[in-house]
Amino acid sequence: MTKLIDLKKNDNIEECAKCIKNGGVMIFPTETVYGIGTNALDKEAVDKIFTVKGRKSDNPLIVLVSNTIMLDKIVSNINEIHRKLIENFWPGPLTIIFDKKDVLPENVTGGFDTVGVRIPGNSLTRKIIEKIGVPITAPSANISGKLSIIDASIAYREFNGKVDYIIDGGLSDIGIESTIVKVEDGIVKILRCGSILKEDIEKLGIEVEFSSIPSRNNKHYDIESDAIVVTVEDKDIIHKIDEYISNNTDKKIGIIGSCKNYDVFSSRVDKYIKFDEDNIMKNLYNILNEAKEADIDVFLIESVKNTNESQVIMNKLMQVSNNKII
């Protein structure tokens, strides 16, 4: 039976920390999404992560540390650009790829000579790592190929009986995974988009480019219904959605759309999931989990254009739709 620890009620985590240091497995909050962790220096413990998640063993794991002293124990060749990124974005949602030291078992890195590391921005998470006293693994707390989790109640539903502890720290503040970068030849290459944007890094006077890498898991954003992103301008979006509904009366249609269009379409479709553009990033995975639970043939998803994070959100939505647009 999994033990649930509620940090909002000041539950003691000493017992949990001792268990994890000795090879147990926990699900814990971060500012991005919930992670699943164990002692990153313990090969047998790390094997449990792959088993619980159903994750392929050649897929590297991100590692979390609580401070740069802990970082220095597991990585080498930290250069000037690394240090600038650390100074400006840590603690926070930026994962940096480093050369690893031999202290890290090969299964953490999928056999590669590098490892992705970050210091989380969530102060409670850092305190947990400090209590444990060693770096911890931190892939997202989801069954491989399923949606990430930003709410401990969903984690409990998915993993009760499969892990030792679930730590409830409330909803994740950001709600999407960290940005992942690698420094090559003086250039920062973005391997995964997150809340830290290309423009944020460029402000430091560093050259930045996107690096296209093959996805190991194309089903990561699968809501188990067809999905189509509606990409027209605001003045045309009602007409475009109306046209699709009228031409597809044989389908159960859902909409993931703005609050302002709820009254227009909610009575005409089988499911309408509202979002507020000001907080869609934070709630994205809860929205997608609600869509996944619905009995719908196809979801129409309104494009997002009016937020600073719109490029990140649209990147995720295009993955949900497998790049299908109207």
Side-chain angles (χ1 to χ4, degrees), residues 1-57 59 61-66 105 107-108 120 122-175 177 217 219-220 222-224 283 285-294:
M1 185 71 174
T2 298
K3 184 170 182 179
L4 183 65
I5 294 179
D6 190 344
L7 293 180
K8 292 173 288 186
K9 296 179 180 178
N10 297 314
D11 280 359
N12 195 312
I13 64 168
E14 295 285 353
E15 176 188 351
C16 171
K18 183 177 179 180
C19 175
I20 303 311
K21 186 173 183 179
N22 292 327
V25 177
M26 68 174 174
I27 288 174
F28 60 96
T30 78
E31 77 278 20
T32 56
V33 297
Y34 272 69
I36 182 167
T38 190
N39 182 348
L41 307 183
D42 183 336
K43 182 179 183 301
E44 291 184 2
V46 173
D47 279 337
K48 296 177 186 177
I49 300 296
F50 291 98
T51 300
V52 171
K53 281 179 60 71
R55 184 183 178 105
K56 292 183 177 179
S57 60
N59 197 348
L61 304 178
I62 288 173
V63 173
L64 297 188
V65 296
S66 58
N107 58 349
V108 170
N122 186 312
S123 61
L124 292 173
T125 311
R126 293 198 304 276
K127 288 179 181 178
I128 292 168
I129 301 170
E130 288 171 3
K131 290 277 187 185
I132 295 170
V134 294
I136 63 171
T137 60
S140 55
N142 58 296
I143 303 300
S144 188
K146 302 300 182 181
L147 296 170
S148 293
I149 293 171
I150 62 172
D151 185 333
S153 64
I154 297 176
Y156 193 80
R157 185 181 70 201
E158 295 288 329
F159 289 96
N160 183 25
K162 299 177 182 178
V163 300
D164 297 291
Y165 292 89
I166 295 176
I167 299 175
D168 185 353
L171 290 177
S172 299
D173 290 331
I174 295 175
E177 296 86 353
N217 192 350
K219 299 178 88 52
H220 186 64
D222 186 6
I223 60 173
E224 298 182 6
N283 292 296
Y285 279 115
N286 277 351
I287 290 169
L288 297 182
N289 270 299
E290 184 177 351
K292 182 180 175 181
E293 296 297 319

Q | Polar side-chain atom of K53 near backbone of S140 as donor-acceptor pair, under 3.5 Å | A | yes
Q) In Å, rounded to the nearest 0.5 Å, how long is the span from CD1 of I20 to OH of Y165? A) 7.5 Å
Q: May I ask you to test the I128-M26 pair for a side-chain heavy-atom distance under 4.5 Å?
A: yes
Q) So, for P120 and T125, which heavy atoms are closest and what is the spacing to 0.1 Å? A) CG-CG2, 3.8 Å
Q.
Please give me the minimum heavy-atom distance between V33 and S148, naming the atom from each residue.
A. CG1-CB, 4.2 Å
**Q.** Donor-acceptor contact present, side-chain Y34 to main-chain G169, <3.5 Å
**A.** yes
Q. In Å, rounded to the nearest 0.5 Å, how long is the span from CD1 of I167 to CG of D6?
A. 11.0 Å
Q: For K131 and C16, indicate whether the former's side chain and the latter's backbone hold a donor-acceptor pair under 3.5 Å.
A: no
Q.
Around atom CD of E224, are there more than 12 heavy atoms from other residues, nucleotides or ligands closer than 6.0 Å?
A. yes
(Q) Give me the atom names and distance for the closest heavy-atom approach of P105 to A40. (A) CD-O, 3.1 Å
Q.
A quick test of your reading: do over 12 heavy atoms of other residues, nucleotides or ligands sit less than 6.0 Å from NZ of K292?
A. yes
Q: Flag the pair E15 / K3 as yes when at least one side-chain heavy-atom distance between them is below 4.5 Å, and no otherwise.
A: yes
Q: Heavy atoms only: give me the nearest N286-L171 pair and the separation to one decimal.
A: ND2-CD2, 3.9 Å
Q.
Determine whether R55 and L61 satisfy the following criterion, side-chain contact (heavy atoms from CB on, under 4.5 Å), listing intermediate values before the conclusion.
A. CA-CA 10 Å; R55 184 183 178 105; L61 304 178; 3.3 Å; yes
Q. Does a side-chain heavy-atom distance below 4.5 Å link T2 with F159?
A. no
Q) Any side-chain donor paired with an acceptor under 3.5 Å for D173 and N122? A) no
Q | Backbone of G23 reached by a side-chain donor or acceptor of N39 within 3.5 Å | A | no
**Q.** Gap between atom CG of N160 and atom CG of L4 - 0.5 Å precision
**A.** 9.0 Å
Q. Is a donor on one side and an acceptor on the other found under 3.5 Å between the side chain of N289 and the backbone of Y285?
A. yes
Q. Any side-chain heavy atom of N142 sitting closer than 4.5 Å to one from L147?
A. no
Q) In Å and rounded to the nearest 0.5 Å, what is the CD1 to CZ distance from I166 to F28? A) 12.5 Å
Q.
Less than 4.5 Å apart, side chain to side chain, heavy atoms only: is that true for S172 and T32?
A. no
(Q) If you define the side chain from C-beta out and look only at heavy atoms, does anything of S57 sit under 4.5 Å from N107? (A) no
(Q) Using every non-hydrogen atom in the two residues, find where Y156 and M1 come nearest and quote the distance to one decimal. (A) OH-CE, 3.2 Å
Q) If you round to the nearest 0.5 Å, how far is CD1 of I5 from CD1 of I13? A) 7.0 Å
**Q.** Side-chain donor or acceptor of T137 paired with backbone N/O of T38 under 3.5 Å
**A.** yes
Q: Quick one: closest heavy-atom pair of L64 and I129, and the distance?
A: CB-CD1, 3.7 Å
Q.
I need the N22 CG to I132 CD1 distance, nearest 0.5 Å.
A. 10.5 Å
